Chemist: 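Before anything else, here's the structure in question.
Naming convention: chains lettered A, B, ... in sequence-line order (proteins, then strands); numbering from 1 in each chain. Nothing here was measured: the structure is a model prediction, and the numbers come from that model.
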Amino acid sequence: MNCPEVEKLIFDGETSKIKIVNDDNLKEHIAACKNCREFADVLQIESLALDKIQKSVIVLDEEKIINSVINKLKKDNSEYIRKYHHKIMDFIFTPSFRLALALLLFGLLGWYFSVEYYDHQKITMLEKRLNIESGMDLNKFDNAQLALAGMGRSINTIINGIINGEIESKDMDSRQYKSLLKLLVESEAKYNDKFRTFLQSLQVNVRNGLDENELETLFKNIEQIKTLVAANGGE
Amino acid sequence: MNDTLKNSEIDIFEEEKSEISLITQCLTGDSIAFAQLMKIHIKYVDRIVQKYIWQKEIAEEVVQEVFVKVWRNLSGYDVNKKFTTWIYRITVNCCYDYLRKNKRIPVLEDLMDEREVKSVSNSQHSDGLILTKELEFYVRKFINELSNKQKIIYTMIDIENNSIEETSEIMGMSYGSVKTNLSYARKSIRMKIKKYMAG
């Protein structure tokens with residue numbers, strides 16, 4: 001029997017423990033071979049120590065451990081919530097988030113003022129087109145005949161044109177429109193349905209540039225003119 | 001006999017059922033259910049941790065850490081597998097993490113005084129070899145002097161009696177690597193025992 005054979009015979013590789021084998025050849029070899037004797041002794045000590053380690057027990061305070069874990073978990077939960085809040089706050093206060101927020105606010109304000117500005121621009125353009133000075137109403141327009149002369153047409157031609165559908169509101173400029181209104185109320189022309197339709201289409205055309213209030217003001221002015229004319233003996 | 005077997009099987013089934021219901025309750029954030037689950041498994045975890053960590057306070061700390069990890073990772077537990085297998089893996093990994101992070105060696109001299117050794121009463125071996133507390137102390141010391149990886153592998157296989165396959169699976173290492181580390185660990189310990197014996 002040689003040394004590797006002895007090693008195989010006495011050492012259980014699976015459990016790392018010494019195998020007690022009653023074999024005369026083995027005993028003979030161990031008695032004669034110093035290395036194998038030492039190996040067997042070492043193995044015996046290791047096996048016994050491992051056995052002892054396997055059986056040894058430290059008594060742990062289980063109740064204390066359970067309570068500590070539960071407390072830790074509760075603390076953990078509140079810490080998680082706190083950390084979560086911190087994360088949100090940290091995110092809010094990051095320069096990039098603040099910059100994005102500022103840009104958003106700037107954009108919203110910009111959009112608001114640009115809408116205001118373009119509305120204002122539209123109104124100004126309309127006022128220009130209608131030849132109305134800002135804040136001035138149609139009552140102030142008093143030289144209707146002169147204005148009509150500029151059109152190169154007589155009032156009757158225009159009224160007939162409107163009634164027959166030859167002239168549409170879009171064909172008239174503001175000056176003509178205002179003159180027409182004045183002359184209509186000054187003349188004996190009847191406010192028939194076609195004229196009303198004309199006014200409505202005019203309202204639609206103007207609607208794009210004026211809001212409801214402004215439109216209302218415009219038509220109030222027309223009514224005022226009519227009332228004025230009626231008071232002066234017209235229809 | 002058959003009836004007893006059947007009854008024990010029913011008991012195991014009932015235990016597993018109640019364990020799953022406890023786990024389900026834990027998943028809803030029920031800490032009382034978790035305390036119950038801990039009560040069931042604390043002895044098992046204690047026993048494993050003690051094989052790797054020999055100081056009472058540290059062992060308690062690691063056991064706590066194990067259960068905190070169990071709580072945090074409970075949603076990842078596969079109910080089709082055994083809960084103890086899952087918990088075993090977490091425990092060993094916690095011990096390994098602890099040993100890796102804390103390089104300081106436990107004060108073994110103090111440890112020996114603290115330890116309640118309920119082990120072999122037959123310290124007298126057939127060859128007249130006396131296994132004293134001192135010998136256990138030195139073998140522990142030699143284990144402690146191994147690298148953390150070797151220590152864990154040696155403990156898992158030679159003390160915990162796991163197979164190389166199980167160890168490689170739990171440690172996430174190849175079979176060959178576990179075998180090599182085990183062989184180095186055994187060789188190192190045996191060499192030290194030999195030196196100790198020589199005086």
Chemist: Please report the interatomic distance CG(A:Leu43) to CZ(B:Arg186), rounded to the nearest 0.5 Å.
Modeler: 9.5 Å
Chemist: Please identify each residue that fulfils ring pair (Phe, Tyr, Trp, His ring centres under 6.0 Å) with B:Tyr138, with sequence neighbours left out.
Modeler: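 Expected list: B:Tyr196.
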Chemist: First locate atom CG of A:Leu60, then atom CG of B:Asp46, and finally report the distance between them rounded to the nearest 0.5 Å.
Modeler: 4.0 Å
Chemist: Take atom OH of B:Tyr77 as the centre, draw a 6.0 Å sphere, and report whether it contains more than 12 heavy atoms from other residues, nucleotides or ligands.
Modeler: yes
Chemist: Who among B:Glu60, B:Arg72, B:Lys39 has the most heavy-atom pairs with chain A under 4.5 Å?
Modeler: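 Maximum pair count with chain A is reached by B:Glu60.
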Chemist: If you round to the nearest 0.5 Å, how far is CD of B:Glu65 from CD1 of A:Ile65?
Modeler: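 It is 12.5 Å, given to the nearest 0.5 Å.
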Chemist: Show the nearest heavy-atom pair for residues A:Val59 and B:Lys56, with the distance to one decimal.
Modeler: O-CE, 3.1 Å
Chemist: Rounded to the nearest 0.5 Å, what separation is found between the CD atom of A:Gln54 and the CD atom of B:Gln50?
Modeler: 13.0 Å
Chemist: With only heavy atoms counted, which part of B:Ile32 is less than 4.5 Å from chain A, the side chain, the backbone, both or neither?
Modeler: neither
Chemist: Using heavy-atom distances under 4.5 Å, tell me whether B:Arg47 contacts chain A through its side chain, its backbone, both, or neither.
Modeler: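 Neither part, no heavy atoms under 4.5 Å.
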Chemist: Is A:Glu62 paired with B:Lys43 through a side-chain N to carboxylate O contact shorter than 4.0 Å?
Modeler: yes
Chemist: In Å and rounded to the nearest 0.5 Å, what is the CD1 to OG distance from A:Ile70 to B:Ser31?
Modeler: 5.0 Å
Chemist: To the nearest 0.5 Å, what is the distance between CD on B:Gln64 and CD1 on A:Ile66?
Modeler: 10.5 Å
Chemist: Tell me the salt bridge (Lys or Arg N to Asp or Glu O under 4.0 Å) pairs involving residues 173-185 of chain B, sequence neighbours left out?
Modeler: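 Applying salt bridge (Lys or Arg N to Asp or Glu O under 4.0 Å) to every pair that reaches into residues 173-185 of chain B, excluding sequence neighbours, yields nothing.
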Chemist: Taking it one step at a time, do B:Ile193 and A:Asp41 satisfy side chain to side chain contact (heavy atoms under 4.5 Å, CB included)?
Modeler: CA-CA 9 Å; B:Ile193 292 173; A:Asp41 285 347; over 6 Å; no
Chemist: For a 4.5 angstrom cut-off between non-hydrogen side-chain atoms, does A:Leu73 reach B:Phe67?
Modeler: no
Chemist: Pick one of side chain, backbone, both or neither for A:Asn67, based on which atoms fall under 4.5 Å of a heavy atom in chain B.
Modeler: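 Neither; nothing under 4.5 Å.
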